[in-house]
Structure formats: C-alpha cells, structure tokens
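Ligands are counted one by one from 1 in listed order, and the atoms in each one are counted from 1 as well.
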Amino acid sequence: MGSQNAQNGASATVHHSSDTAETRETKRLRERLDPSRMPEHVAVIMDGNGRWARKHHLPSRLLGHAEGYKTTKKIVRAASDLGVKYLTLYVFSNENWRRPKHETDGLMALIEKATRNELAELHENGIRMRFLGRRLELTPSLRKEIERAEALTEKNPGLVLNLALNYGGRAEIVDAVRKLAEAAARGEIDPAKITEDDISANLYAPDMPDPDLMIRTAGELRVSNFLLWEIAYSEMWVTPTLWPDFSAEHLVQAIEDYQMRVRKFGAVVNP
Ligand code: IPE
Ligand code: IPE
Ligand code: MG
C-alpha cells in the first residue's frame, strides 16, 4: 500500500499550472498521514452550496454550485495525490429533481460542462471516471459526455472517481434486486441461495470495495439516500464547513481522524 501511494502521488502531480507550490503543499499534507492506514475508498456528500450562496448574498443558488465545482476539482486532485484509490462523490440525488426547474436545469448544464471540460486533464492524470445512477432521466447530450468519459478513462490506473449522478441508494438496491429476480425467473439462480455478495455484485459499481470513510459537509447528520448498502460499516466524518469552503486540509483532517479510529465490524477488538 505504501509503495502504491507513493506511485499515485508521483504520477498525479504533473500537469497543473502552479506545480511546484502545489506539490510541496501536497507533500506536507501527505506527511501527516500514516500510509499503511489510508482509507482505500472515500465517499463524500458534497452539501452546502445553497447555504454558501446565501451566506455571500448571491442572487442565485447556482452561483453556490459553480463555487462547489471549484472545490470538487481541488478535492479530486488532492485525493489522487494523497493516494486514495476510490473517491465517490454525491453529485445529484434522485430526490434533487424536487428542486425548482431553474436549479435542476442549471445543475445539469454545469455537470455536463464540467464533464466535458475536465476530461482531458483527468485522463492525463490517469484518473478513471465512472458514473453511478439511473441514466434514462438524463438528457441525451449529457449521457453522451458520460459515456465518452467512461470509455476514454476506462483503463486508467490511478484514482477511480465515481460520480453519483441521478443516484439513489434505494434505487440502486431496487435495480440490483430486479436483476437477481430476472435471473431467478429465467431459472439461472435459486432465490433461496441469494447472498449479500450477490446483491453487492449487482450494484452500479460491483467491483469496488465499500467506502471506508464517508464525509459529509455542511453539518447535516443524515445519509440522504447515499450508498445505503455500501456504507454498512463506513466511518463517518461530518464537518460544518460548507462544500465551497472545503479544502485539502479538511480532507486530511478527516483522514487523520479516520486513522485514529478502531474499526470493529461487530467483533470484539482490543485496540
Ligand atoms: C449540495 O448543495 C449540492 C446538491 C445537492 C446538488 P445544496 O444545494 O444541497 O446546498 P444547501 O444544502 O441548500 O446549502
Ligand atoms: C445530498 O444533499 C445530495 C447531494 C449532495 C447531491 P441534499 O442537500 O440533497 O440532502 P438533504 O435534502 O439535505 O437531505
Ligand atoms: Mg443540501
């Protein structure tokens, strides 16, 4: 794991404008962490864009989302440089369609623009992009960007960046159960023999480990339908900091805190 981290760190810091200062900063942050206890998978509920816009007396929540996008770019880079292997970001939930059309339209446009504009740099940095969620409700042009990003970065060796878009934890479980029920109806599997692993294997990203650490910004103490199946034993870290104010420093604080915890998975563990 240590050498893998060093490798990720070395390969991920190539293409940015202020390279030297950034590399120094990342190195300083990385040195605070124990490379043998890194969370392999970090999941983030990026919340508080609307409150950030209000706090800054901005006329539209969309300006908060635009600021949140800047944070997302920084955190993807930081996670990659720190040697996190999987980063799953909650971009848009199934329930977020309940927002005013002006906001959902603006968000979808921002997401499409971001996917298009970031693709080259993410690819150069060896990052693999995947999208989790129901695609049918997305516009054809956004679907096209998603497919392009996934296809181009599919074989990349670095950070796996999962973007939960039009995602719901319950919908993900429903979709998995449907696939299993269909297989049972075809006589391919015996319902009595369905296991937890079978459910896991039919989720949107079946080949990734469950999140070790789940971060939520903006202070709410709830899960909001994110990764319900996968977070059974994830460690949670909540900060009052709004997503647009979140930084690599906060990410490192969360990982430092994670590294001090004792994970027990229901067993008795002597720390
Ligand atoms: C998170 O920020 C972004 C999305 C849910 C898309 P919010 O828009 O939920 O911000 P608050 O919670 O209203 O502050
Ligand atoms: C969760 O935040 C969804 C995303 C971050 C995309 P919400 O702002 O939608 O969650 P609630 O409504 O406060 O539970
Ligand atoms: Mg919110």
- Would you say the side chain of Leu251 lies within less than 4.5 Å of the side chain of Ile215, judging by non-hydrogen atoms? yes
- The N/O/S atom of Asp47 lying closest to the Mg ion (ligand 3) is OD1
- Message: Which heavy atom of Leu62 sits nearest to which heavy atom of Glu103, and what is that distance?
- Response: CD2-O, 3.7 Å
- Task: Anything under 30° is parallel, anything over 60° is perpendicular, the rest tilted; go ahead and classify Tyr167 against Tyr204.
- Result: perpendicular
- In the protein, which heavy atom is nearest to atom 13 (O) of ligand 2, and how far is it? Arg222 NH2, 2.8 Å
- Under a 4.0 Å heavy-atom limit, does Met46 contact ligand 1 with its side chain, its backbone, both, or neither? backbone
- Atoms of ligand 1, numbered as shown, that sit under 4.0 Å from any heavy atom of Arg51: 11 (P), 12 (O), 14 (O)
- Does Val91 come within less than 4.0 Å of ligand 1, judged by its heavy atoms? yes
- Message: Any heavy atom of Arg54 closer to ligand 1 than 4.0 angstrom?
- Response: no
- Task: Decide whether an N or O pair under 3.5 Å exists between Asp47 and ligand 2.
- Result: yes
- Message: Students should be able to answer this: which protein heavy-atom is nearest to atom 14 (O) of ligand 2, and at what distance?
- Response: Ser224 OG, 2.6 Å
- Note on the structure: atom 10 (O) of ligand 1 has as its nearest protein heavy atom Gly50 N, 2.9 Å
- Quick one: does Ala218 get within less than 4.0 Å of ligand 1, heavy atoms only? no
- Evaluation steps, salt bridge (Lys or Arg N to Asp or Glu O under 4.0 Å), between Arg30 and Asp81: CA-CA 8 Å; Arg30 203 169 39 220; Asp81 290 351; over 6 Å; no
- Message: Testing the 3.5 Å rule here: is there a donor-acceptor pair between the side chains of His123 and Asn156?
- Response: yes
- Item | Contacting atoms of ligand 2, where contact means under 4.0 angstrom from a heavy atom of Phe92 | 6 (C)
- Item | CG on Leu119 to OG1 on Thr153, rounded to 0.5 Å | 7.0 Å
- Nearest neighbour in protein (non-hydrogen) for atom 2 (O) of ligand 2: Arg216 NH2, 3.8 Å
- Message: Can you tell me how far apart NZ (Lys74) and CZ (Phe246) are? Round to the nearest 0.5 Å.
- Response: 11.0 Å
- Is the count of non-hydrogen atoms from other residues, nucleotides or ligands lying under 6.0 Å from Arg170 atom CZ greater than 12? no
- Task: With Glu118 as reference, evaluate Lys113, Lys73, Arg77 under the salt bridge (charged side-chain N to carboxylate O under 4.0 Å, His left out) test and give the passing residue.
- Result: Lys73
- For ligand 2, is there an atom lying under 4.0 Å from some heavy atom of Arg98? no
- Looking at atom 9 (O) of ligand 2, what's its closest protein heavy atom, distance included? Asn96 ND2, 2.9 Å
- Message: Using a 3.5 Å distance criterion without hydrogens, assess whether the side chain of Ser80 forms a donor-acceptor pair with backbone atoms of Val76.
- Response: no
- Would you mind running through ligand 1 and noting each atom that sits below 4.0 Å from a heavy atom of Arg61? 7 (P), 8 (O), 10 (O), 13 (O)
- Message: So for Arg99, does at least one of its heavy atoms come nearer than 4.0 angstrom to any atom of ligand 2?
- Response: yes
